[in-house]
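Heads up, the thing below is written out as structure tokens.
Naming convention: chains lettered A, B, ... in sequence-line order (proteins, then strands); numbering from 1 in each chain.
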Amino acid sequence: MKELEETVKSVVKELFDTNIDVSLTRPDPQFGDYATNVALQLAKQLSKSPRDVASMIVGSIKHPHIANLEVAGPGFINITLVDHLLIEQAMCQPTQSMAGKVVLAEYSDPNPFKVLHAGHVYTTVVGDSIANLLASAGADVHRVNYGGDVGMHVAKTMWAILQRLGGEFPEKLRDIKIAERSVWMSSAYVEGNNIFEANEDAKNEITDLNKRVYQLHADADKDSPFARIYWKCRQWSYDAFDAFYKRLGTQMERYYPESEVADIGLSLVKEQVGKVFEESEGAIIFRGEKFGLHTRVFVNKKGIPTYEAKEIGLIVKKYKDYNYDLSVIVTANEQEQYMAVLSKAIEQFLPDLAALTRYVPHGMVKLDGGVKMSSRRGNIIPALEVIDATILANKELNDKDDELTVLGAIKYSFLKNRIGGDIIYDPVESVALEGNSGPYLQYAHARARSILRKADNVTSLKNVSILDAQERIFAQKLSEYSETVEKATEELMPHHICTYLYELAQVFNRFYEKNRVLGDDRESTRLSLMNRYTEILQQGLGLLGIVAPESM
RNA sequence: GCCCCGGUAGCUCAGUGGAUUAGAGCAAUGGGCUUCUAUCCCACAGGCCGGGGGUUCGAAUCCCUCCCGGGGUACCA
């Protein structure tokens with residue numbers, strides 16, 4: 001409420017000849033719609049008691065939108081708006097702060113030739129919601145994905161695949177059924193990874209295969225039997241990713257394979273040797289210590305770009321492709337400091353690009369026992385098992401098997417916590433219709449929609465001007481929607497939406513417990529409020545990537 | 001060692017632009033349904049906000065320090 005803040009500020013200026021930034025906060029609803037603590041801040045410098053200062057301010061504020069002002073507690077000023085302004089706020093849409101901006105959202109980042117695991121579900125849900133938030137603020141959002149289609153994990157998988165095919169016989173891939181491809185490949189990775197640890201000969205063969213894969217890219221080889229196997233299997237991975245994203249309700253616009261950006265990064269780093277980077281022990285490194293960070297290798301002593309150099313290639317290529325105003329990169333927080341070094345390095349020679357990038361580091365997904373999932377070992381939780389476990393829980397607890405509830409449950413569980421820390425996922429809790437869960441909100445929406453469907457005529461809130469006490473509490477909560485979305489967007493923190501929607505549903509359920517809607521004297525007003533309520537639920541859940549059903 | 005992230009109710013977590021009595025869900029206890037879909041609501045209970053110091057009229061929130069957990073710390077990503 002900028003206007004009210006300015007009003008208070010000018011009153012303070014007039015009374016005390018002091019400039020102070022006034023910020024209005026949302027107090028406990030019983031106290032009013034807004035509150036400010038300026039009187040407490042000013043009391044000391046004015047040598048007056050805070051309550052006296054507050055009283056003076058209150059006595060001097062005259063504003064057509066304020067219904068009531070009072071001094072409370074040690075000297076807070078509580079402000080209550082006139083009803084029609086509160087209603088106006090309840091109808092307010094979030095500001096289009098990103099209108100006209102091009103935003104690139106990179107998230108999920110699974111590696112071809114490896115299995116999707118629980119962490120990918122999490123990072124996808126998080127990234128997708130952040131992308132939704134930015135899009136809702138008016139940005140032109142592009143969702144992209146980066147993954148390693150070269151490297152040792154590929155060589156390991158290829159080794160096992162060649163064993164299974166009995167040699168370099170690409171036509172034998174036809175024997176693998178479409179539905180089995182994904183499992184077939186991920187088990188090949190596990191097989192290759194295991195033998196790499198156990199068998200010296202196989203290890204050498206895999207190392208050779210790794211070079212062949214790089215060579216295949218260098219030669220743009222699409223025709224040799226080995227290449228045909230590689231490209232076919234790589235495509236199978238991307239097909240599996242597409243299917244996974246489709247199931248989760250998102251869509252990647254473009255995959256950036258590591259092989260496409262490695263050379264770009266390599267040459268950029270080499271150009272900056274002696275300026276940004278330096279040679280040390282045969283490698284090309286960036287000394288982060290002078291920036292309070294640590295040293296990292298960008299090109300190793302064999303001349304191969306590490307992830308750091310490739311990431312530079314990726315950033316440059318992404319910018320070339322999209323000319324973005326903002327690039328958001330969602331990654332695991334174990335990469336946070338490495339990203340900080342990378343960012344600092346880029347800042348040295350591409351300062352504009354560095355300034356346009358925002359990193360969102362997130363924690364790991366843990367199930368009971370808190371086992372870290374690493375697809376490098378065998379002890380991973382595949383993504384599909386997370387979904388299957390939730391489907392099972394939904395069946396056992398609710399005796400239902402609809403995918404919308406399951407996805408709502410998973411997404412909400414993942415998103416309701418602040419991004420950054422590890423999260424502990426409990427499938428049973430996630431599908432519970434009681435408590436702070438996705439299905440609770442989906443049901444809240446369905447229930448309200450059911451009532452609205454029974455009504456003859458639902459009019460817009462803008463026709464409402466007077467609220468009774470109970471309706472006012474409901475409207476007050478509705479009025480917090482736009483500022484909540486704005487905050488979530490600014491911070492790239494979807495959990496604010498979760499917290500708000502849950503509180504909103506609780507406020508409505510309390511209202512509904514004590515008040516009739518249909519058939520009441522105030523039916524028209526209450527239906528209008530409910531209509532806005534379902535709109536907010538539907539939009540808010542949409543920002544989380546969750547579908548709000550008409551019935552359940 | 002140094003750096004980053006975290007430590008809030010038995011459990012899972014909000015709150016960390018300073019502010020009125022620290023909140024929610026789950027679990028536990030006691031109530032309320034021939035419903036506008038009770039998958040809900042109400043009540044009660046549960047906290048030296050990791051410890052200690054400091055700044056302030058006021059600190060879970062800011063500063064210092066210590067403890068605990070996780071991660072990073074040169075050729076993996």
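When the P atom of B/rC76 is taken as reference, atom CD of A/Glu311 falls 17 Å away, rounded to whole Å. One interatomic measurement links the two molecules: CD of A/Glu334 to C1' of B/rC5, which rounds to 12 Å at whole-angstrom precision. Rounded to an integer number of Å, the gap from A/Asn417 CG to B/rU8 C1' is 14 Å.
Using a 4.0 Å heavy-atom criterion, one finds that A/Ala446 contacts the bases of the nucleic acid, with or without backbone contacts as well. At a threshold of 4.0 angstrom between heavy atoms, the contacts of A/Lys514 with the nucleic acid are absent.
Atom C1' of B/rG15 sits at a distance of 7 Å from the matching atom of B/rG23, rounded to the whole Å. Distance noted for atom P between B/rC5 and B/rC62: 12 Å (whole Å). Across the P atoms, B/rA22 and B/rC26 are found 22 Å apart, a figure rounded to whole Å. Taking atom P on both nucleotides, B/rC13 is separated from B/rA9 by 11 Å, rounded to a whole Å. Going from the C1' atom of B/rU65 to that of B/rA77 covers 36 Å, rounded to whole Å. As rounded to the nearest Å, B/rG51 and B/rC42 have C1' atoms that lie 39 Å from one another. Rounded to whole Å, the P atom of B/rU16 lies 14 Å from the corresponding atom of B/rA60. Rounded to a whole angstrom, the distance from the C1' atom of B/rG46 to that of B/rC33 is 28 Å.
In terms of phosphate contacts, A/Lys301 brings no side-chain nitrogen or oxygen within less than 4.0 Å of OP1 or OP2 of B/rA74. Contact annotation: A/Lys416 side-chain N/O to B/rA14 OP1/OP2 distance is not under 4.0 Å.
Stacking of A/Tyr440 onto the six-membered ring of B/rU39 is not present when judged by under 5.5 angstrom between centres and under 30° between planes.
The partner of B/rA14 is absent, by the rule that a Watson-Crick or G-U pair needs both atom distances under 3.5 Å. Across all strands shown, nothing is found opposite B/rC75 as a Watson-Crick or G-U wobble partner with both distances under 3.5 Å. Look at B/rG6: its Watson-Crick or wobble partner, with both distances under 3.5 angstrom, is B/rC68. Pair assignment for B/rC49: none, as no Watson-Crick or G-U wobble contacts are both less than 3.5 Å.
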Does the pair A/Tyr443 and A/Thr405 meet the rule for a side-chain hydrogen bond (donor to acceptor under 3.5 Å, both in side chains), with working shown?
-> CA-CA 9 Å; A/Tyr443 182 69; A/Thr405 307; over 6 Å; no

Step by step, would you call A/Asp33 with A/Gln476 a side-chain hydrogen bond (donor to acceptor under 3.5 Å, both in side chains)?
-> CA-CA 7 Å; A/Asp33 299 323; A/Gln476 190 185 45; 2.6 Å; yes

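Scanning atom types as modelled, one donor and one acceptor separated by under 3.5 angstrom connect the side chain of A/Ser280 and the base of B/rA74. Counting atom types as modelled, A/Tyr338 pairs no side-chain N or O with a base atom of B/rU73 as donor and acceptor under 3.5 Å.
Applying the salt bridge (charged side-chain N to carboxylate O under 4.0 Å, His left out) test to every pair with at least one member in residues 428-438 of chain A, sequence neighbours left out, gives these pairs: A/Lys416-A/Glu429.
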Show the distances under 3.5 angstrom between N or O atoms of the protein and N or O atoms of nucleotides 27-32 of chain B.
| from | atom 1 | to | atom 2 | distance (Å) |
| --- | --- | --- | --- | --- |
| B/rG32 | N2 | A/Glu513 | OE2 | 3.1 |

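Comparing A/Ser551 and A/Asn333 by the nucleotide of RNA chain B that holds the closest heavy atom to each, the one mapping nearer the 5' end is A/Ser551. Taking the nucleotide of RNA chain B with the nearest heavy atom to each of A/Tyr307 and A/Glu503, the more 5' of the two is matched to A/Glu503.
In this model, no donor atom of one side chain and acceptor atom of the other lie less than 3.5 Å apart for A/Ser108 and A/His120.
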